[in-house]
Enquirer: 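My questions will all concern the structure given below.
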Amino acid sequence: QYHFLITPDWLLLGKGEMFLPPPARDAITIPRIPVLGRDPAGFPERFEEEVIEYISPPQAPHNAYGLIVHGDSMLPTLRDGDYVLFIADGDYKTGDVLVVNDEWGKSMVKRYQVKPDGEAWLTSDNAEYPSFKPNEHWQIVGKVIDLWRRIKF
């Protein structure tokens, strides 16, 4: 992970030096989060081959990864083009939004649901898409912890 030590005066006022040397106490640490084009098999050990860009959302944990949402299956919660930040975390509960890979390696974002009989299902927030039970070839990659949306004016 890369970190930049940017001075608050430069960031807020555009004055002074942009970067400070590492032991500076008044610097802001900004994480550099890798955005993956898709999640490769063997994630996270081989993620570097799928990095398409880096983003620096404020207050993102340094162990996060990014993924761009494609399609409308998670509307109204997530829009096409949104960035989701996720962490590799094995503690999933009903209602969590997850990044998963299907048996062909396609990455998608779905909501995790445990039915009353104990079976896990993946659902979309958009009611036009059906829920489904993943098979043993599916891989849960991580839990979505934040959304980053670019707004263009």
Enquirer: Step by step, work out the side chain to side chain contact (heavy atoms under 4.5 Å, CB included) result for K143 and V97.
Expert: CA-CA 6 Å; K143 180 169 45 176; V97 177; over 6 Å; no
Enquirer: Would you mind telling me which of D82, I52, V84, L36 makes a side-chain contact (heavy atoms from CB on, under 4.5 Å) with I68?
Expert: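 Between I68 and the candidates, side-chain contact (heavy atoms from CB on, under 4.5 Å) is satisfied uniquely by I52.
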Enquirer: So does R79 have more than 12 non-hydrogen atoms from other groups sitting under 6.0 Å from CZ?
Expert: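 Result for CZ/R79: open.
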Enquirer: Please round to the nearest 0.5 Å and tell me the distance separating atom CG of D96 and atom CG of D91.
Expert: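 The CG atom of D96 sits 7.5 Å away from the CG atom of D91.
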Enquirer: Rounded to the nearest 0.5 Å, how far does CD1 of I140 lie from CG of L98?
Expert: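 CD1 of I140 is found 5.5 Å from CG of L98.
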Enquirer: I'd like to know if the side chain of N126 and the backbone of D72 have a donor-acceptor N/O pair within less than 3.5 Å.
Expert: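 At least one qualifying donor-acceptor pair exists.
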Enquirer: Just by modelled atom types, is the S131 backbone N or O under 3.5 Å from a matching donor or acceptor in the T123 side chain?
Expert: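 No: the side chain of T123 does not pair with the backbone of S131.
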Enquirer: How far apart are the closest heavy atoms of F153 and I151, and which atoms are they?
Expert: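 Shortest heavy-atom separation between F153 and I151 comes out as CZ-CG2, 3.7 Å.
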Enquirer: I need the minimum non-hydrogen distance between V51 and P34, along with the two atoms involved.
Expert: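 Taking V51 first and P34 second, the nearest heavy atoms are CG2-CB, 3.9 Å.
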Enquirer: Which heavy-atom pair separates Q113 from T94 by the least distance, and what is that distance?
Expert: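 Residues Q113 and T94, closest heavy atoms: OE1-CG2, 3.1 Å.
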Enquirer: Search all heavy atoms of L85 against all heavy atoms of P57 and return the closest pair with its distance.
Expert: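 Taking every non-hydrogen atom into account, CD1-CG, 3.6 Å.
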Enquirer: Would you indicate whether the side-chain heavy atoms of L122 and W138 approach each other to under 4.5 Å?
Expert: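 In short, these two side chains touch, coming nearer than 4.5 Å.
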Enquirer: Taking S56 for the side chain and P31 for the main chain, is one N or O donor matched with an acceptor at less than 3.5 Å?
Expert: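 Such a contact is found between S56 side chain and P31 backbone.
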Enquirer: To the nearest 0.5 Å, tell me how far I145 CD1 sits from I87 CD1.
Expert: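 Between atom CD1 of I145 and atom CD1 of I87 there are 5.0 Å.
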Enquirer: Is it possible for you to say whether L75 and F132 belong to one hydrophobic cluster, with membership spreading through side-chain heavy-atom contacts below 4.5 Å?
Expert: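 No.
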Enquirer: Kindly compute the distance separating CE (M74) from CZ (R111), expressed to the nearest 0.5 Å.
Expert: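 Here the rounded value is 5.0 Å.
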Enquirer: Please report the closest heavy-atom contact between R150 and I55, naming both atoms and the distance.
Expert: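 Here R150 and I55 meet closest at NH2-CG2, 4.0 Å.
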Enquirer: Distance to the ring centre below 6.0 angstrom and angle to the axis at most 45 degrees; does that hold for K110 and Y129?
Expert: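 The answer is yes; both the distance and angle limits are met.
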Enquirer: When you compare the side chain of L78 with that of V109, does any pair of heavy atoms fall below 4.5 Å?
Expert: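 With C-beta onward as the side chain, the pair touches.
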Enquirer: Give the minimum heavy-atom separation between A64 and I33, together with the two atoms involved.
Expert: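 Heavy-atom minimum between the residues: O-CG2, 3.5 Å.
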Enquirer: What verdict does the side chain to side chain contact (heavy atoms under 4.5 Å, CB included) test give for W121 and K133, after you've listed the backbone C-alpha separation in whole Å, the side-chain angles of each residue and the deciding distance to 0.1 Å?
Expert: CA-CA 5 Å; W121 284 70; K133 184 176 180 348; 3.9 Å; yes
Enquirer: State, with a plain yes or no, whether a side-chain heavy atom of L67 is found less than 4.5 Å away from one of S107.
Expert: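 SC-SC contact between L67 and S107 confirmed.
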